[in-house]
Number of protein chains: 2
Amino acid sequence: MVTITIKDVAALAGVSVATTSRVLSGNPATSADARSRVHAAAAELDYHPNAQARALRSTRTHAIGLLVPDVRNPFFADLAHTVEQAALVHGFATLLGNANERKDQQDRYLDNLIARRVDGIIVAPLGDGSGSIRSVVGREIPAVFIDRTIEGIDLPSVTTDSDTGIREAVDHLAALGHTRIGYIAGPQSTSTGRERYASFVRAAGDRGLSLDPALIVFGDFQAESGSTAVRTLLALNEPPTALLVADSPMAIGAIGAIQRLGLRIGTDVALVSFDDIDWLALLDPPVSVIAHSVADMGRIAVDMLRTVIDGGAPESVRLPSRLIVRASSATPIDPGRSR
Amino acid sequence: MVTITIKDVAALAGVSVATTSRVLSGNPATSADARSRVHAAAAELDYHPNAQARALRSTRTHAIGLLVPDVRNPFFADLAHTVEQAALVHGFATLLGNANERKDQQDRYLDNLIARRVDGIIVAPLGDGSGSIRSVVGREIPAVFIDRTIEGIDLPSVTTDSDTGIREAVDHLAALGHTRIGYIAGPQSTSTGRERYASFVRAAGDRGLSLDPALIVFGDFQAESGSTAVRTLLALNEPPTALLVADSPMAIGAIGAIQRLGLRIGTDVALVSFDDIDWLALLDPPVSVIAHSVADMGRIAVDMLRTVIDGGAPESVRLPSRLIVRASSATPIDPGRSR
DNA sequence: CTGAAAGCGCTTACAG
DNA sequence: CTGAAAGCGCTTACAG
């Protein structure tokens with residue numbers, strides 16, 4: 001590798017390293033002459049300052065870390081996109097890490113971000129408060145939670161209030177005559193998994209729907225577990241007539257499994273999914289979803305993180321969720337059906 | 001922020017900084033006693049070595065940069081996932097950047113990766129060979145192209161041979177009786193956009209199909225442009241009876257637009273999309289696709305990059321593509337139709 | 001406005 | 001096996 005340092009630039013420009021540094025960092029205490037010579041030299045040599053050396057002295061890296069549990073989940077891909085764009089506006093580069101829904105990989109990335117001395121971290125965490133997330137808090141590294149939180153770890157967060165959306169979905173399905181709703185839950189090691197599960201149980205209870213434990217299957221927020229859950233639920237003696245799925249990757253798995261069983265969503269079994277993902281609206285029939293705003297979430301997280309970096313203590317934000325009814329759950333249950 | 005340095009660890013362990021460094025980096029020239037004391041001290045202080053300082057001396061960061069044009073494109077999300085997992089196996093952390101299909105953002109991330117002195121870069125590039133990609137080559141930073149290439153920039157690459165898949169798709173549609181195939185092309189500023197376009201024109205010519213220029217619309221590989229293209233194509237006096245779409249985000253846009261026009265894919269208009277994405281198989285009817293292996297591509301790119309980092313000069317690899325026929329293009333064209 | 005010098009947190013020959 | 005010292009590429013008071 002060819003390495004050009006500030007010394008090379010200084011030599012070519014015929015000024016000291018100190019002056020070169022000042023010009024390059026926009027320090028006004030420089031002469032017009034020095035400025036033009038340094039810029040010319042830097043351009044000629046295609047000089048790229050070593051960010052590591054720079055950060056070592058100035059303790060600012062102008063980079064933030066974003067750790068998502070699963071980049072292949074369209075919700076988090078969207079989130080990565082909005083965070084990145086928002087961060088860019090404020091001069092931060094985003095280092096994106098993918099925990100792959102695994103605690104060990106999350107810890108590994110977190111250690112990496114700490115070691116790289118990013119200016120701040122936005123994380124959609126999984127697991128309990130053990131491991132590297134402790135180090136982040138202990139070292140007082142600016143950090144905010146996004147989408148998910150960890151109980152007992154006191155960081156500002158921007159999350160979705162799943163309760164309203166789930167309640168609307170349960171009410172909606174109950175109004176259509178469903179009394180046995182199957183729930184494909186997220187992992188209970190995540191705050192969203194736990195909250196949505198609790199909301200479902202509460203809403204179903206309030207409506208007097210069946211709380212048969214067999215109607216609830218726990219997945220891991222990834223597609224395969226959605227398929228498995230459907231096979232389990234639809235094989236019950238008294239199968240559910242409607243399904244509520246806690247995220248879109250599990251919904252994709254669930255819908256695939258339903259089709260492979262020769263059944264049709266909307267008519268044979270109603271289905272509502274969390275996450276308003278493009279393709280869910282394109283399916284036939286289009287899928288009812290519980291929507292929340294990815295764009296707001298990303299933007300707010302970046303703003304909150306900037307506040308923390310600047311020494312502030314922002315309030316946590318809770319964003320609303322709401323039901324969008326589409327044909328996958330629009331038909332009242334057939335009173336003539338045996339179920 | 002709380003900052004623990006190697007000095008603190010050395011002081012607590014009662015040894016020199018040099019010895020501490022040796023223990024921490026696994027240098028065998030250390031006594032058992034020193035090792036246990038240093039490890040204990042490091043654990044007690046929750047010491048995380050400063051990666052910047054370390055890299056400044058050792059010129060290895062154990063990080064690679066991955067630059068994708070669009071994280072929201074499921075193909076690149078999958079690619080990011082496989083690259084990341086493959087890199088992790090070899091001890092590299094992946095810094096993922098998203099160019100958002102924009103040259104300026106690509107340059108910005110590239111500069112950032114150069115400044116961070118990553119050990120190597122994997123990039124699915126866009127644009128011509130101007131800008132920061134020149135700096136990467138000029139500085140001889142280990143780098144490989146993935147999925148896309150840039151003409152005139154001599155880097156090893158792993159790409160898809162789109163030609164076979166596209167030819168299969170055109171042959172297949174021709175065999176069903178289609179003579180006017182609409183082609184929704186990718187941007188001609190990308191190698192994949194250009195190659196697939198050229199393949200289509202060649203294959204259509206070979207089959208004696210219509211080469212009416214109005215049948216070809218150029219999109220930007222993102223969803224919105226797929227919708228626009230469909231509205232243009234289906235408004236023609238002689239609209240196409242089949243559509244071939246150069247990537248999955250444009251396909252999602254196209255399919256949505258077709259539905260909004262009250263038409264059905266498979267019956268009213270046949271459709272084949274590049275990229276074998278989960279949800280395309282779930283649509284009704286399921287969508288025929290041209291598949292290529294994301295998993296192979298990611299793994300090979302990481303292997304190639306490691307070879308370059310170790311001073312080697314790997315051969316470029318071209319992966320096959322092939323047609324998967326599903327119901328969106330399974331019905332022979334109705335000979336009674338006026339078109 | 002400019003330069004010499006110290007120092008950021010590490011690693012690594014060099015002696016011993 | 002261990003420590004003192006130099007140095008990686010920068011930035012930043014300190015003098016002038």
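Labels below follow one simple rule: chain letters A, B, ... track the order of the sequence lines, proteins then strands, and each chain is numbered from 1. Nothing here was measured: the structure is a model prediction, and the numbers come from that model.
Taking atom C1' on both nucleotides, D/dT12 is separated from D/dG16 by 16 Å, rounded to a whole Å.
Put simply, CG on B/Asn50 is 8 Å from C1' on C/dC8, counting in whole angstrom units. Atom CZ in B/Arg35 sits about 7 Å away from atom P in D/dC1, given to the nearest Å. Nucleotide C/dG9 holds its C1' atom 9 Å from the CZ atom of A/Arg117, rounded to whole Å. When the C1' atom of D/dC8 is taken as reference, atom CG of A/Leu56 falls 9 Å away, rounded to whole Å. Put simply, CZ on B/Arg116 is 14 Å from P on D/dC10, counting in whole angstrom units. Taking atom CZ of residue A/Arg139 and atom C1' of nucleotide C/dG9, one finds them 12 Å apart after rounding to whole Å.
To the nearest 0.5 Å, atom CZ of residue A/Arg194 and atom CZ of residue A/Arg148 are 10.0 Å apart.
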Atom pairs, N/O to N/O, protein against nucleotides 11-15 of chain C, distance under 3.5 Å?
| unit_1 | atom_1 | unit_2 | atom_2 | d |
| --- | --- | --- | --- | --- |
| C/dT11 | OP1 | B/Arg54 | NE | 2.8 |
| C/dT11 | OP1 | B/Arg54 | NH2 | 3.3 |
| C/dT11 | OP2 | B/Ser21 | OG | 2.5 |
| C/dT11 | O2 | B/Arg57 | NH1 | 2.8 |
| C/dA13 | N6 | B/Arg22 | NH2 | 2.9 |

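A 3.5 Å limit on both hydrogen-bonding distances identifies C/dG16 as the Watson-Crick or G-U partner of D/dC1.
Taking 4.0 Å as the cut-off between side-chain N and carboxylate O, B/Asp111 and B/Arg108 do not count as a salt-bridged pair. The pair A/Lys103-A/Asp107 counts as a salt bridge, with a side-chain nitrogen and a carboxylate oxygen less than 4.0 angstrom apart. Using a cut-off of 4.0 Å between Lys/Arg side-chain N and Asp/Glu carboxylate O, A/Arg299 and A/Asp296 are scored as salt-bridged.
For the pair A/Glu151 (side chain) and A/Asp128 (backbone), a donor-acceptor distance under 3.5 Å is absent.
Picking from C/dT2, C/dG9, D/dG3 the nucleotide with the shortest atom distance to the side chain of B/Ser16 gives D/dG3.
Sequence neighbours left out, the pairs with a member in residues 25-53 of chain A that pass salt bridge (Lys or Arg N to Asp or Glu O under 4.0 Å) are A/Asp33-A/Arg37.
Residue-level contact check: A/Ala55 touches neither bases nor backbone, having no heavy atom under 4.0 Å from any strand.
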